[in-house]
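Below: the structure, in structure tokens.
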There are 2 protein chains.
Amino acid sequence: MVKDDNVIFIGSKPFMNYVSGVVMQFTTQDSKEVIVKARGNFISRAVDVTLIVTKNFLEGQVEIKDIKIDTEELENKKKKMVKVSTIELTLAKKK
Amino acid sequence: MVKDDNVIFIGSKPFMNYVSGVVMQFTTQDSKEVIVKARGNFISRAVDVTLIVTKNFLEGQVEIKDIKIDTEELENKKKKMVKVSTIELTLAKKK
């Protein structure tokens with residue numbers, strides 16, 4: 001079962017908040033999987049977070065299991081429907 | 001054999017330049033595969049280009065075959081080595 005708090009949604013908070021969020025899911029929460037999600041311009045940031053975790057903080061312990069991209073329709077501030085790209089990076093503990 | 005011009009590198013040119021670049025690789029050049037590459041903040045744009053091609057312009061004809069992310073070391077303008085994230089999205093003609 002994948003619980004909802006295994007999902008880290010990347011936004012405009014300080015970069016290291018997200019990195020430590022992912023690391024703590026794997027360490028203190030002992031999750032087997034963490035999903036890093038982002039939309040629009042935050043996609044680049046989600047990739048940065050994922051790489052810092054897998055190549056530095058949890059190198060050799062956590063790997064990138066899957067990367068998915070998709071399009072989502074959202075209502076913007078002017079109440080207009082707009083399409084945005086999304087990314088889901090699934091990180092998993094190595095066996 | 002994958003030729004070099006099957007690679008579309010995403011930068012700061014107008015968005016539709018990249019979309020038509022990818023579409024033309026598949027149509028006029030009859031490529032079987034096209035790789036969309038980007039670094040840093042252009043990663044989000046590479047995802048946008050890929051989704052517009054696969055979900056709109058070449059829907060049903062081209063699919064996302066693979067997505068890879070990695071880190072690259074580059075020299076910045078101040079001659080300092082910096083790490084940047086990279087993405088490679090492989091699009092392939094459906095069989």
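Bear in mind that the values here come from a model prediction, so they are computed numbers and not experimental data. The sequence lines fix the lettering, A, B, ..., with proteins before strands; numbering per chain opens at 1.
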Chain B against chain A: donor-acceptor pairs under 3.5 Å:
{"from": "A/G40", "atom 1": "O", "to": "B/S44", "atom 2": "OG", "distance (Å)": "3.3"}
{"from": "A/N41", "atom 1": "O", "to": "B/S44", "atom 2": "OG", "distance (Å)": "3.3"}
{"from": "A/S44", "atom 1": "N", "to": "B/S44", "atom 2": "OG", "distance (Å)": "3.3"}
{"from": "A/S44", "atom 1": "OG", "to": "B/G40", "atom 2": "O", "distance (Å)": "3.3"}
{"from": "A/S44", "atom 1": "OG", "to": "B/N41", "atom 2": "O", "distance (Å)": "3.4"}
{"from": "A/S44", "atom 1": "OG", "to": "B/S44", "atom 2": "N", "distance (Å)": "3.3"}
{"from": "A/S44", "atom 1": "OG", "to": "B/S44", "atom 2": "OG", "distance (Å)": "2.8"}
{"from": "A/D48", "atom 1": "OD1", "to": "B/S85", "atom 2": "OG", "distance (Å)": "2.4"}
{"from": "A/K55", "atom 1": "NZ", "to": "B/D70", "atom 2": "OD1", "distance (Å)": "2.5"}
{"from": "A/D70", "atom 1": "OD1", "to": "B/K55", "atom 2": "NZ", "distance (Å)": "2.5"}
{"from": "A/S85", "atom 1": "OG", "to": "B/D48", "atom 2": "OD1", "distance (Å)": "2.4"}

When you group the ILVMFWY residues by side-chain heavy-atom contacts below 4.5 Å and let the links chain together, are A/V22 and A/M16 in the same group? yes
Hydrophobic clustering (ILVMFWY, side-chain heavy atoms < 4.5 Å, transitive) - are A/V47 and A/V84 grouped together? no
Using 0.5 Å steps for rounding, measure from the CD1 atom of A/I43 to the CD1 atom of B/I87. 8.0 Å
Are A/F15 and A/I10 linked, directly or through intermediate hydrophobic residues, by side-chain heavy-atom contacts shorter than 4.5 Å (ILVMFWY only)? yes
Portion of A/L89 that has a non-hydrogen atom of chain B nearer than 4.5 angstrom: side chain
